[in-house]
Trainee: 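Dumping the structure here so I can ask a few things about it.
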Amino acid sequence: MSEQTGPALDAEDLRRLREAAAGNDVEPEPGRRGGGLRLDGKGFEDIIFSHWGPNPNKRPAVRSPLADDAAKHRAELAAKLPGERLVIPAGAVRHRTWDTDFLFRTGTAFAHMTGLGRDLEADAALVIDPVVAADGSVGHRAAIFLEPAIDRTNPRFFSDSKHGEFWVGPRPLPADFHIMTGLEIRDMTEFEDALRAGAGPDGIRIRVLRGYDPRIDATVDRVREEVGLGDAAANRGVDAVLEQSSDECRIIKTPRELDEIRRAVAATERGFERVADVLPIARKVKRGERLLEATFTHSCRYEGNGIAFGTNAASGPRATILDYHANDHALRDGDLFLLDAGIELDSLYAADITRTMPVGGRFTPAQRRVYQAVLDASNAAIEAANKPGAVYSDMLHAALESTARSLADMGILPVSVEEALRPDGHQHYRWLYHGTGHHLGLDVHDAYRSRNELYADAPLRPGMAFTLEPGLYFDAADELVPPEYRGIGVRIEDDLIVGEDGVTRLVSTFARTPDEVEAWLAAHEPEDYLPSFLEHEAECA
């Protein structure tokens, strides 16, 4: 029946609608839904619980290589908030549609404080508790509260589609988690009592990292209110301090964490190499952007946990859109292709790289000039980072100043460079309207909620890892830009680490100059199997 429009409903219309709706609230019939089996036969019950041998799919538990680092992180966080109970949820599985969920990804702070990654700990929580030593000093202890795995010793192993071993495979048992982390492991049924112990206005204050698990948030809210610590609104600032503190613990990475970031960069570069292999084919299909996105995604799932963020695979004028994720257009010779992408390893450490390349293999003179302007800004920022006493924001200011000068040289900046650089100027922001970098780690935008004095205004220190990503974006409809530049978007993003010697160095070094990009593309040829992408071209949306 088609939709109809018409005049307002009169009394007779309303009567007919009520009659049509009669019976709509009848209780649904119990039983099968969607063709599912009704597993209630006695014969099934007699056979399902017995005669099971060891499960060959269960992985042996080994200590996490990041467990020792995690112990240091917990000590740092506890020292920031001494004498308090800190609740760090792993997160809950997010519903996607009907009976389908999104793939679970462990919460960042939980991973940082336990050394655990991937998808093993949904519905868990780390609790860091204060303890008083014999000498009167305040220390801490920690435990992970878990929903026990439902293995074949539990009658729900075949009936629980969220947690049962028949549905989701064998999961680590409490003893396994102890081996992996070295932490005390407790049952989630003890969680609420553990929160209450000693809590109150004259006792222990409770903070929770909110937004990861609604059930844990609600439990903490209820306990705090019942023991006299106030309701959720009264504790909003209390919990925000925990969020800020946990982020600040990630600003300086340990050597092992830096090695994970280097591994992520190397894996991301291999993903870019695979994209370059497929580029000649992507030029011939209707959704070349999507094919290149899929190629990179495949690389990430093969080598790690998945992509670290939504891939930006933008060609032509779409490269001027900062967060373009449709990735469903064809590629055209003569256009640029911008790929902003990164892998997330199984440890959840990430990389974030952007390269802008000519679809046909060669830059036009206008494209090369814009590209060089962005590269100049990147190099100016690296130079600023390595001056004595440099702070993080020096890189931003150096990149923006270089950009203003390049825009003036191209005849685009409508005012003088000096006027644009004044606090009341900033006309050049029209073409570079985002920050030029961010810290990098377990979150691709790591330590985001840290205070300015520890982030933007902080001196560069050994152990910092961050990106550098200047760009220039000339919208196709921008009448302040000469026609030859319109529709050109260029971003170059690299990952950098401050070494023990205090020197800020690139970790990602491939294909940075225009000549290097062209030579890099020329070195890639499609493999023999790639023409098979063309066989199903007519079926593509």
Side-chain angles (χ1 to χ4, degrees), residues 73-95 101-102 104-114 116 121-133 137-148 162-163 174 177 181 183-250 443 448-451:
H73 303 325
R74 292 192 298 273
E76 182 182 356
L77 182 61
K80 286 177 177 287
L81 300 167
E84 303 195 48
R85 179 165 293 140
L86 312 177
V87 182
I88 316 290
V93 175
R94 291 177 55 223
H95 180 65
D101 297 320
F102 287 102
F104 176 70
R105 194 270 197 191
T106 302
T108 295
F110 186 91
H112 191 238
M113 298 288 163
T114 63
L116 298 171
E121 308 83 40
D123 306 321
L126 171 72
V127 176
I128 302 175
D129 259 329
V131 294
V132 179
S137 61
V138 177
H140 74 280
R141 65 185 177 196
I144 295 176
F145 289 79
L146 292 173
E147 292 285 356
K162 296 288 186 184
H163 306 98
F177 277 105
T181 66
L183 287 166
E184 178 187 1
I185 308 300
R186 299 178 63 180
D187 195 291
M188 185 55 81
T189 56
E190 305 172 22
F191 177 67
E192 187 166 336
D193 287 341
L195 288 182
R196 292 178 185 278
D202 298 322
I204 298 172
R205 179 159 59 176
I206 305 171
R207 299 183 194 261
V208 62
L209 199 61
R210 302 190 72 87
Y212 286 92
D213 190 325
R215 184 188 59 165
I216 287 177
D217 289 351
T219 301
V220 171
D221 289 342
R222 183 177 65 255
V223 168
R224 284 194 297 207
E225 192 162 5
E226 290 175 0
V227 300
L229 289 173
D231 61 12
N235 282 281
R236 188 173 293 114
V238 170
D239 295 336
V241 169
L242 174 58
E243 184 176 54
Q244 176 181 276
S245 298
S246 64
D247 271 27
E248 291 174 354
C249 288
R250 298 200 303 276
D443 277 340
Y448 184 75
R449 294 173 180 83
S450 302
R451 289 167 291 177

Trainee: Considering only residues two or more places apart or on different chains, which pairs with a residue in residues 186-221 satisfy ring-ring contact (aromatic ring centres under 6.0 Å, His included)?
Mentor: Phe145-Phe191
Trainee: Kindly write out the residues that satisfy side chain to side chain donor-acceptor pair (under 3.5 Å) with Thr106, not counting sequence neighbours, or none if the list is empty.
Mentor: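 Partners of Thr106 by the side chain to side chain donor-acceptor pair (under 3.5 Å) criterion, ordered by chain and then number, come out as Glu121.
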Trainee: Side chains of His112 and Ser246: does their closest heavy-atom pair fall under 4.5 Å?
Mentor: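 The answer is no, as the side chains (C-beta and beyond) never meet within the 4.5 Å cut-off.
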Trainee: Lys80 vs Gln244, test: side-chain contact (heavy atoms from CB on, under 4.5 Å). Steps then yes/no.
Mentor: CA-CA 11 Å; Lys80 286 177 177 287; Gln244 176 181 276; over 6 Å; no
Trainee: Does any non-hydrogen side-chain atom of Leu242 lie less than 4.5 Å from one of Ile88?
Mentor: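 Counting from C-beta outward, Ile88 and Leu242 do come under 4.5 Å.
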Trainee: Identify the heavy atoms of Arg207 and Asp239 that sit nearest to each other, and give their distance.
Mentor: CA-OD1, 3.6 Å
Trainee: Do His140 and Asp129 have side chains that approach each other closer than 4.5 Å (heavy atoms only, starting at C-beta)?
Mentor: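 Sidechains of Asp129 and His140: no contact.
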Trainee: Taking atom CD1 of Ile185 and atom CG of Leu183, what is their separation to the nearest 0.5 Å?
Mentor: 6.0 Å
Trainee: Taking side chain to side chain contact (heavy atoms under 4.5 Å, CB included) as the test, write out the residues that go with Asp247, two or more places apart.
Mentor: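 Scan of Asp247 (side chain to side chain contact (heavy atoms under 4.5 Å, CB included), adjacent residues dropped) gives Arg250, Tyr448, Arg449, Ser450.
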Trainee: Would you check if the side chain of Ser137 reaches a backbone N or O of Ala133 as a donor-acceptor pair within less than 3.5 Å?
Mentor: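 Judged by distance alone, no pair lies under 3.5 Å.
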Trainee: Is the closest side-chain heavy-atom distance between Asp221 and Asp231 below 4.5 Å?
Mentor: no
Trainee: According to ring-ring contact (aromatic ring centres under 6.0 Å, His included), does anything in residues 217-246 pair up with another residue at least two apart or in another chain? List the pairs.
Mentor: none
Trainee: For Pro174 and Leu146, which heavy atoms make the closest approach, and how far apart are they?
Mentor: CA-CD1, 4.3 Å
Trainee: Excluding sequence neighbours, so at least two apart, what forms side chain to side chain contact (heavy atoms under 4.5 Å, CB included) with Ile204?
Mentor: Arg85, Pro130
Trainee: Name all residues meeting the side chain to side chain donor-acceptor pair (under 3.5 Å) criterion together with Asp187; count only those two or more places apart in sequence or in a different chain, and write none if there are none.
Mentor: Thr189
Trainee: Using the test side chain to side chain donor-acceptor pair (under 3.5 Å), find all partners of Arg94 that sit at least two apart in sequence or belong to another chain.
Mentor: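 Not a single residue meets the side chain to side chain donor-acceptor pair (under 3.5 Å) criterion with Arg94.
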Trainee: Can you find a heavy atom in the side chain of Leu77 that is under 4.5 Å from one in the side chain of Leu86?
Mentor: yes
Trainee: Do you know which two heavy atoms are closest between Leu209 and Ala109, and how far apart they sit?
Mentor: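 Distance-wise, the nearest heavy atoms are CD2-CB, 3.3 Å.
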Trainee: Just jot down the side chain to side chain donor-acceptor pair (under 3.5 Å) partners of Thr108, sequence neighbours excluded, or say none.
Mentor: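 Listed in chain order: Arg105, Asp443.
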Trainee: Considering residues, nucleotides and ligands other than Arg222, do more than 12 of their heavy atoms fall under 6.0 Å from its CZ?
Mentor: yes
Trainee: Using side-chain contact (heavy atoms from CB on, under 4.5 Å), reason through Thr114 and Ile144 one step at a time and then give a plain yes or no.
Mentor: CA-CA 9 Å; Thr114 63; Ile144 295 176; 4.0 Å; yes
Trainee: Are Arg141 and Glu184 ion-paired here, with the side-chain N under 4.0 Å from a carboxylate O?
Mentor: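 No, Arg141 and Glu184 are not salt-bridged.
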Trainee: Go through the structure and list residues passing side chain to side chain contact (heavy atoms under 4.5 Å, CB included) with Ala92, not counting sequence neighbours.
Mentor: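 Expected list: Asp123, Asp213, Pro214.
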Trainee: When you compare the side chain of Glu243 with that of Arg210, does any pair of heavy atoms fall below 4.5 Å?
Mentor: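 They are not in contact (no side-chain heavy atoms under 4.5 Å apart), so the answer is no.
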Trainee: Taking all non-hydrogen atoms of both residues into account, name the closest pair between Ile206 and Val223 and its distance.
Mentor: CD1-CG1, 4.2 Å
Trainee: For residues 218-240, which residue pairs pass the ring-ring contact (aromatic ring centres under 6.0 Å, His included) check, not counting sequence neighbours?
Mentor: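 For residues 218-240, and leaving out neighbouring residues, there are no ring-ring contact (aromatic ring centres under 6.0 Å, His included) pairs at all.
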Trainee: Residues in side chain to side chain contact (heavy atoms under 4.5 Å, CB included) with Val93, at least two apart?
Mentor: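 Asp101, Phe104, Ala122.
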Trainee: At their closest point, which heavy atom of Ala124 faces which heavy atom of Phe110, and how far apart are they?
Mentor: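 So the minimum-distance heavy-atom pair works out to CB-CZ, 4.3 Å.
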Trainee: Taking C-beta and beyond as the side chain, do Thr219 and Asp217 meet within less than 4.5 Å on heavy atoms?
Mentor: no
Trainee: Hey, does Asn235 have a side-chain heavy atom less than 4.5 Å from the side chain of Arg224?
Mentor: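 The answer is yes, as the side chains (C-beta and beyond) meet within the 4.5 Å cut-off.
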Trainee: Could you name each residue pair satisfying side chain to side chain donor-acceptor pair (under 3.5 Å) that touches residues 194-205, not counting sequence neighbours?
Mentor: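 As it turns out, the side chain to side chain donor-acceptor pair (under 3.5 Å) pairs with a partner in residues 194-205, which skip direct neighbours, are Glu84-Arg205, Glu192-Arg196, Arg196-Glu226.
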Trainee: Closest heavy-atom contact between Leu229 and Pro201?
Mentor: CD2-N, 3.8 Å
